[in-house]
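Read the numbers this way: they start at 1 and go in the same order the structure lists the ligands and their atoms. Only heavy atoms go into these numbers, but all of them, side chains included; no hydrogens, no water, no symmetry mates. One-based numbering along the sequence shown.
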Amino acid sequence: MNEVKDKTSLGLKKEFPEAEDFLPINGTDYVEFIVGNAKQVAHFYKTAFGFQDFAYAGLETGMKDSASYALKQDKIVLIFTSPMSPDGWMNEHLNKHGDGVKYVAFWVDDATKSWEETTKRGAKSFMKPEKIEDENGYIVKSGIHTYGDTVHVFIERKNYKGHFLPGFVKHQTEYKPEPVGLKYIDHMVGNVGWNEMNTWVDFYKNVMGFAQLISFDDKDISTKYTALMSKVMTNGNGRVKFPINEPAEGVKKSQIEEYIDFYQGAGVQHLAVATDDIVETVSKMKARGVEFLKVPETYYETVLDRVGEIDEDLKPLAELGILIDRDDEGYLLQLFTKPLTDRPTLFFEIIQRKGAKSFGKGNFKALFEAIEREQELRGTL
Ligand code: FE2
């Protein structure tokens with residue numbers, strides 16, 4: 001873990017000087033999901049998304065109440081955890097939310113200071129700083145609550161030389177599907193309830209020291225039926241970006257509201273993961289059974305009028321249904337999976353940035369119409 005991260009350890013370059021310095025974050029450490037059957041979910045993310053075996057904790061390692069599989073692809077580490085018995089908070093979490101993201105962990109230099117600075121500013125503590133050690137040294141871990149039942153964990157690993165985290169052993173099986181070219185988490189989106197967006201924008205600003213990157217209102221992001229409002233928060237070095245969505249009033253139920261209904265509250269809506277070659281990545285994922293949202297072919301008749309010249313041939317992009325958008329600094333290519341769980345909640349976005357630093361606002365209308373067609377099929381529009 002350390003060796004991979006060190007390659008990109010540039011220190012805390014101040015990309016967003018308005019962000020405060022009291023919570024320096026090196027990057028995302030891992031994202032942990034609570035799921036019904038971690039063993040099978042891990043198999044899915046290996047097979048379909050090209051993640052690799054990385055670490056494991058379970059009965060064989062002395063963990064009695066849960067089993068966790070950590071998978072890795074380039075800088076992205078995902079953990080899938082399942083409870084081993086009917087009692088306890090994990091089962092309540094599963095019962096309420098279905099499979100979903102519980103922990104978004106940050107890699108920090110000082111987990112004690114991170115906890116102190118955030119709780120001092122009003123964060124609700126999830127866990128006080130705790131030293132966790134094994135024969136390879138120690139980590140310090142602390143945590144605070146954020147929207148819904150989601151938790152931000154702070155991981156300080158400068159005194160740890162082990163493979164991943166204390167409690168985990170290195171895990172390698174003989175089944176090793178090839179990676180698909182996913183590099184790092186570009187952004188992670190939270191859906192919050194009606195009129196709650198500004199509360200959580202203020203939380204990231206005041207409690208976490210983030211800055212607001214860009215904003216658009218429901219006039220920008222609406223279709224005939226559904227609407228949402230969104231603001232994007234970023235940490236100081238720009239490595240952690242959290243768009244926050246809330247539903248807006250439309251003629252019919254918005255996808256954000258659908259999420260809130262099925263997730264039973266606020267939670268992580270999508271993880272956007274970056275690739276250097278979206279055509280190759282999406283081709284591989286499709287061949288492995290990942291389903292993506294599809295915009296009508298007419299999208300490609302006019303898209304270049306809107307975004308101008310691009311380096312890529314339009315044909316393969318159109319065949320795969322990849323979306324294009326442009327801002328002042330360049331353009332981006334993106335595509336969204338259908339929900340990855342039976343409840344229409346969590347999905348992934350695959351994104352390739354060619355200079356653009358925005359999030360694909362120009363695609364929202366075409367995209368929302370595609371989502372509405374899916375909602376129609378689910379009877380939730
Ligand atoms: Fe996104």
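With a 4.5 Å cut-off between side-chain heavy atoms of Ile, Leu, Val, Met, Phe, Trp and Tyr, the cluster of Y69 takes in Y56, V169.
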Which pairs of donor and acceptor atoms, one on a side chain in residues 329-337, lie under 3.5 Å apart (sequence neighbours left out)?
from: E329; atom 1: OE2; to: K357; atom 2: NZ; distance (Å): 3.3
from: Y331; atom 1: OH; to: D311; atom 2: N; distance (Å): 3.0
from: Y331; atom 1: OH; to: D311; atom 2: OD2; distance (Å): 3.4
from: Y331; atom 1: OH; to: E312; atom 2: OE1; distance (Å): 2.7
from: Q334; atom 1: OE1; to: N363; atom 2: ND2; distance (Å): 2.9
from: Q334; atom 1: NE2; to: E349; atom 2: OE2; distance (Å): 2.9
from: Q334; atom 1: NE2; to: F359; atom 2: O; distance (Å): 3.4
from: T337; atom 1: OG1; to: F348; atom 2: N; distance (Å): 3.1
from: T337; atom 1: OG1; to: F348; atom 2: O; distance (Å): 3.4

Could you pull out all donor-acceptor pairs under 3.5 Å where a side-chain atom in residues 193-201 meets a protein atom, sequence neighbours excluded?
from: E196; atom 1: OE1; to: G193; atom 2: N; distance (Å): 3.0
from: N198; atom 1: OD1; to: K231; atom 2: NZ; distance (Å): 2.7

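Under the 6.0 Å cut-off for aromatic ring centres, F80 and Y45 qualify, their centroids lying closer than that.
Judged purely by distance below 3.5 Å, without hydrogens or angles, the side chains of T47 and Y175 pair a donor atom with an acceptor atom.
A continuous path of hydrophobic side-chain contacts links F154 to F22 [ILVMFWY only; heavy atoms under 4.5 Å].
For the Fe ion (ligand 1), protein N, O or S atoms under 2.8 Å: 3 in total.
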